[in-house]
Amino acid sequence: MSTAVQESEDVIIPNGVEYTERKIGELNDYIIPQEPGNSNEENMIKNVYESEHDLDDEREDLKTETIESKLKKLEIDGDTEKRIRLKNYENEKDMPEIMRLITKDLSEPYSIYTYRYFIHNWPNLCFLAFDEDKCIGAIVCKLDWHKKIVHRGYIAMLAVDEDYRRRKIGSRLVIRAIQAMVLKGADEIVLETEVTNKSALNLYENLGFVRDKRLFRYYLNGIDALRLKLWIR
Amino acid sequence: MSQTDDNGPSLEEKKNCNWKDITKDFFELCQQLNVGELVHDVHFGLFEAMSAIEMMDPKMDAGMLCNQVKRKVYDFDEALKANIIKDDNLESEELIGIIDSTYACVVTWLEGHSLAQTVFTNLYLHNPEAIKDKTLKSFCTAILKTVDLIRDRINKASVFEEEDFQSVSYGFKMASEVPSAKVISSLREVEDEFAKKVRSTKDKGEDNETRAKQHELYSAIYSRIKFTRFLYATLLAFSKDKCSGVDDIEKYLNGILDVLLSMQSTIHLGIKPEERECGLHDYPTIMGFEPLVNQRLLPSTFPRYAKITSIEDTMKYLSDMCTRFKFITGVTKCTFLHQAMDFFEDFSKLSPCVLSRSLLHLLVFPINRRFFGNEPLVDVVRDTIRNFIAPPALVPKSSIGSNPDARAYCDAFLQRAANTILQLVNISGQNRARQREKLAHIFEELANLEAEADKLDTYLHRLLMKNSQGQTVVCFVTWVLYHVLKAMFNYLYLGFELELYSPQEYYYIYWYISELHCSWWIPTLSRADNFLMESEAMIETQSGKSAKKVRRQQKKKGKPHAKEVHTAQIHQMLCNAFLKALLGFIRAKKLELADGSSIAFDSEEVRFRRRFAPFQVLSSPQPMAYCHFTDTIDLQRYKPVPEPEHLFQAACKGFQHAKALIEQPPSNQTEQATALLRICKYNIVAMSVLSTGKKEYERPLFDFTVHKHYPIITLKN
């Protein structure tokens, strides 16, 4: 009874359409918030998570080997930014900082359960950026099955403190998250952003993301979204 | 925590329970949990917690909004009793304000917002029966009927998705008991009354100021009521069977635009809200409007914050909408299915509103799914194929046309094809973003139809051979291919329009389009031409004319699909020119991503494969492979390897050729041709500058404002 996450057997799917998974509020800079997520696959994700290493150890190794070299190339060096450290989410104590960062750029705050849904289910896909003791950036992701055939990584939220922007910290966070998702077997990585959010588009397109789809009037403020996608294989 | 028991204690039992406060125990027990541990019900996990609404949170709980406003929210009856709204003897300024704000709400609703949060924030619409003021009553009844009719039309046409339109009516009464004729006649009465008032206040010399003011006010109301009548009458005429209302529509619309002009010039006369409440400045708050009256009626989808369109924008919207109405009546001049389908395409390119899309759809394919309400679609498809390629099986008096088995087989195919056609037509009625999404899925259907056509062609061919009548016939396949290719072009071009491609991708997209044009589209059209002319010749010679004479006649008349072939050549030429220009930029290293080579996952081959993935299901055209592309653009094949300047020079020539083609007949002076011509002219200049090799620049910029699919290339210094 005290386990952190237990998914229910019968998941209610709210209409199942991507439009019902709308984001709340318009976003500044590059925050890419979540979908409240549909998914009758919630259970499956868990199982996959727990079993992927037993089942797929061999294949997994092969995969990571070929991809590891690619991952290396992704590392951004730069002496000036060495003091900015990235670290993995540890526990609930990191939560207030993540919420502070993301809420700041969001007109309508999420409830703490939105954060918990992502971060407790996929704690190793959440990263924070620190300048000394100050948390100045965060990324929140998930990884589950899309239409039961594609292992899809999803970047739910990304935020960088205003004073630390234009220093590639966002890119470093995204790269770290991509690495983690790829090692977990992601086939593709997606996210949505406002058509007008040029800095987010720049960041992701420079990492190889492609505009896969336009979602007409996707946001609550009536602005279109672009679905960005990175195909891993 | 234990699971809840379905057969738990009844209410009666609960009353008799001995309640015990466990708050303290609860918090004590919580202390024993480790960080990150969560106790929850089996049926209520993190996902449910996230999807739930937090009660009392002002941003999430719609019921909390009322706590932000320090006043009572009245419904119609309460507001009347409290003397907040009038139901009789409204001032002219009040009427004008109410009418304009109501239209602002209607327009906002048409842009995809909920009826409850827009139109029905007007309290008068909740019960027009109870309104004593004749003008307001007629207006409100007419608005309800109009809204109801619009809803009916859009629902029936079914060319919308949830982001386009909210069809829920929340059980509001739509004045269904009032017949439409009554609505029109009572509007007319009011209109006549005001016409009299307008006349009687015409300038007669004395007491100028007040009289002139009165005159202005009466004219403003007169034109608003007239607009309301015209709009409703137009929509009624659109709903008539077999396009029989088209003449009336044109009549009404001619008047409506003038009326709108006079409405636009009198907006300032209406009442304005006195003070604006915090958080509500996006809504009209003049007399009769209560933004909060339906706050608990939430849409079925995620509630979007509705900002009511400004009255100025509303008038512009209505005027544009009426212009669109006028445009769509033009479809009745299309006699053939392909013409009508092209009309749909052209109209869709204007990104029209959901109402005009729906009305167009219903004009051509009303509920009975007959073409213009008249002809069964199967017959129309048969005629269309006959006109397109004249298959022996569909030509009158042909030997297989009279074979009952062959006819049955053909009919089965036509039935099947008619369904696909309907799906294609439906797609072209959707919003542009959805069109691309839906097109990606139609290729499977088209591939199946291709297979059916192939089977039919083979069968008919065998039959023909038995009757020893000549060559291989691939008529049905060719016709299906025509639609397959159109869908492919649409899919690819929509990517430009929706801003999905990055400049690094343009070159393989243009390459693919160009290949489709020259290897598939033009041959398809020429094959159809040949069949048509052969069949025509056969009929003419059968009727006694000499073969020579027939041929001469045909030559004079020109090939039936010549115009389409000509357009295709222009597009192919343009795509090729762009391909060369883009290769030049790549070779000059001016098209690289900002981060250069650090993009580990950016595999062009993967992107290429994914971009054209929906075509994989088709048997023809065979999907083109990435290596095919890299082979054709491989500059190493040339000796010496061309420099960027050479490529720009070649691009320049390409644009010049394209320009020459556009200027030739049968190109018409269409908007499309003019736009393409401008693109050629600008790009010729840019390319010739670049071909000197002396131009310093940082990178090329691509401007799609003149044409959605082809950019003007400029250079960023």
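Throughout, a chain's letter reflects where its sequence line sits, starting with A, and its residues are numbered from 1. Because the structure is predicted, anything quoted here is derived from the model rather than measured.
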Using non-hydrogen atoms and a 4.5 Å limit, figure out which bit of B:R432 sits close to chain A: side chain, backbone, both or neither. neither
Taking every heavy-atom pair that is under 4.5 Å apart, which of A:L226, A:L228, A:V210 has the most such pairs with chain B? A:V210
Are more than 12 heavy atoms, taken from residues, nucleotides or ligands other than B:K349, located less than 6.0 Å from that residue's NZ atom? yes
Considering only heavy atoms, which portion of B:E505 lies under 4.5 Å from any heavy atom of chain A: side chain, backbone, both, or neither? side chain
My understanding is that only residues two or more places apart in sequence, or in another chain, count here; which of them pass salt bridge (Lys or Arg N to Asp or Glu O under 4.0 Å) with A:D212? A:K229
No-hydrogen, no-angle side-chain donor-acceptor test under 3.5 Å, B:S428 and B:Q435: no
Test of understanding: with side-chain hydrogen bond (donor to acceptor under 3.5 Å, both in side chains), list the residues that count as partners of B:T118, not counting sequence neighbours. none
